[in-house]
Protein chains: 2
Amino acid sequence: MAEALTGEAILAATEEVLRRYGPAKATVVDVAKALGVSHGSVYRHFATKAALREAVTKRWLAAIHEEMTPAFGEGLTAAEVLRAWLQKLFDEKRRAHHEDEELFATFRTLVHESSDIVEYHLGHMVGQLTRIISAGVETHEFVTDDVDVTAQAVWDATNRFHHPAHAREWTGPRVQEEFDAVVSLVIAGLRYNRVPSAAGDA
Amino acid sequence: MAEALTGEAILAATEEVLRRYGPAKATVVDVAKALGVSHGSVYRHFATKAALREAVTKRWLAAIHEEMTPAFGEGLTAAEVLRAWLQKLFDEKRRAHHEDEELFATFRTLVHESSDIVEYHLGHMVGQLTRIISAGVETHEFVTDDVDVTAQAVWDATNRFHHPAHAREWTGPRVQEEFDAVVSLVIAGLRYNRVPSAAGDA
DNA sequence: CAAGTGACAGATTTCAATATCTGTCAGCAG
DNA sequence: CTGCTGACAGATATTGAAATCTGTCACTTG
């Protein structure tokens with residue numbers, strides 16, 4: 001018998017099986033087979049198939065989170081940082097959609113079931129937006145009454161360019177242009193935004 | 001034999017059948033049965049089942065288009081007209097989602113197949129946005145280089161609140177608040193979009 | 001005794017036979 | 001002639017029996 005069976009080894013094997021068969025066909029028995037153990041052993045580490053699937057997705061999202069740290073830097077305006085961040089997110093999602101097709105489909109499944117992993121992911125992403133917007137508010141580049149509400153609004157407004165339900169639309173020739181237009185509109189809005197309750201007008 | 005079989009009668013019967021069975025179960029034979037004719041007769045008026053389904057949806061969308069004429073009026077700012085229009089659209093979609101559940105599902109199916117009816121619908125909606133934004137540009141309330149691109153951007157930015165893929169999210173308690181935040185951000189953006197000189201921040 | 005096994009019950013999926021549906025068309029009735 | 005019918009071929013959907021999968025647990029093994 002080789003090394004002890006670790007959670008990490010199971011996750012790696014599951015990812016492999018998921019890539020090969022896709023979320024619809026991958027079974028716990030397949031994972032066990034890939035590891036050369038009985039499926040009962042897998043259940044010693046992960047209580048249910050859903051838990052296993054979520055753990056794999058969590059691992060996958062962690063890599064994306066790593067990538068998605070805002071690039072604050074010398075002489076960059078908050079608007080530039082925000083645009084770059086949103087662009088990177090869009091690029092990353094597009095890449096994942098057609099390169100990690102099967103894992104992406106797993107992620108889409110989780111979104112559909114609105115698991116707490118997804119909730120955590122959304123919280124993380126909106127949190128990064130909050131950081132960027134706060135930085136802009138501090139330099140008076142952006143104006144807003146409530147950074148959290150505004151960060152959520154920016155997330156929602158760019159929904160079409162990161163929500164997996166719209167992944168099929170990401171291949172069209174006009175998408176980048178449409179993305180740019182939305183981001184420009186959003187950035188313009190950040191320069192002079194008030195939440196509804198406090199909204200004055202021109 | 002009763003009256004002649006008209007396209008209109010077939011559409012009404014189809015809508016009824018669709019409401020009763022839903023898009024997954026409704027068949028052309030069901031429609032013919034409801035009309036007391038053979039299904040061959042239905043094919044005399046509509047070349048395929050898809051054409052029939054699209055015609056019903058077209059009819060349904062026409063009613064929504066009727067409803068969705070922007071309410072320009074004395075003393076209303078373009079921002080007010082825009083917000084009211086978007087709110088009405090959101091309300092109407094939500095209503096349709098839970099009252100006309102089956103027809104809404106048919107519409108969702110069409111969106112998924114990206115038929116030309118949907119394309120027409122989107123064109124119409126973005127066209128209305130163009131009208132509203134143009135009016136705002138004329139009174140210098142809004143600023144933009146390209147009204148069409150901006151109208152599309154407004155449509156995309158509010159995607160989460162009218163795209164049927166997100167219908168399930170429309171029931172949460174926070175949705176209205178999130179909708180308001182996005183609309184406020186968008187309206188703020190329209191005031192300041194792509195302006196080189198003028199009104200410095202704050 | 002910690003780590004893994006494999007047989008088991010109930011749930012879910014597969015598969016192939018069967019039934020139904022879509023779309024066509026020759027022909028019938030007014 | 002015009003509008004409708006009904007039988008038909010091929011495509012699609014339904015169904016139920018068999019196979020597989022999930023999750024459990026008493027038991028082996030080092």
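Chain letters run A, B, ... following the sequence lines, proteins first and then strands; every chain starts at 1.
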* Sugar-phosphate atoms are those with a prime plus P, OP1 and OP2; base atoms are the rest. Using that split, label each nucleotide of nucleotides 13-22 of chain C B, S or - for protein heavy atoms under 4.0 Å, 5' to 3'. => -S------SB

* Between C:dA2 (C1') and A:Leu5 (CG): distance, integer Å -> 13 Å

* Asked: Side chains of A:Gln87 and A:Gln176: is there a donor and an acceptor less than 3.5 Å apart?
  -> yes

* Structure fact -> Assert: residue with more 5' nearest nucleotide on DNA chain D, out of B:Ser41 and A:Gly40, is B:Ser41

* Sequence neighbours excluded - salt bridge (charged side-chain N to carboxylate O under 4.0 Å, His left out) pairs with any residue from residues 5-29 of chain B -> B:Glu8-B:Arg59, B:Glu15-B:Arg19, B:Glu15-B:Arg59, B:Glu16-B:Arg20, B:Arg19-B:Asp100

* For the pair made of OH in A:Tyr21 and P in D:dT20, what is the distance, rounded to whole Å? -> 14 Å

* Using the salt bridge (charged side-chain N to carboxylate O under 4.0 Å, His left out) rule, collect all pairs that involve residues 111-122 of chain B, keeping only residues at least two apart or in two chains. => B:Arg53-B:Glu113

Show me the donor-acceptor pairs, under 3.5 Å and distance only, between side chains in residues 28-42 of chain B and residues at least two apart or in other chains.
from    : atom 1 : to      : atom 2 : distance (Å)
B:Asp30 : OD2    : B:Thr27 : N      : 3.1
B:Asp30 : OD2    : B:Thr27 : OG1    : 3.1
B:Ser38 : OG     : B:Gly40 : N      : 3.4

* Select from A:Ala47 and B:Ser38 the residue whose nearest nucleotide in DNA chain D is closer to the 5' end of that strand. => B:Ser38

* Structure fact -> By side chain to side chain donor-acceptor pair (under 3.5 Å), B:Thr48 pairs with (sequence neighbours left out) none

* Structure fact -> To the nearest angstrom, the CZ-P distance between B:Arg44 and D:dT5 comes to 10 Å

Can you give the donor-acceptor pairs under 3.5 Å from side chains of residues 163-171 of chain A to other protein atoms, not counting sequence neighbours?
from     : atom 1 : to       : atom 2 : distance (Å)
A:His163 : ND1    : A:Ala165 : N      : 3.0
A:His166 : ND1    : A:Glu169 : OE2    : 2.9
A:His166 : NE2    : B:Asn159 : ND2    : 2.9
A:His166 : NE2    : B:His166 : NE2    : 2.7
A:Arg168 : NH2    : B:His112 : NE2    : 3.1
A:Glu169 : OE1    : A:Arg160 : NH1    : 2.3
A:Trp170 : NE1    : A:Arg160 : O      : 2.9
A:Trp170 : NE1    : A:His166 : O      : 3.4
A:Thr171 : OG1    : A:Arg168 : O      : 3.3

* Structure fact -> Taken to the nearest whole Å, CG/A:Leu52 to C1'/D:dG23 is 13 Å

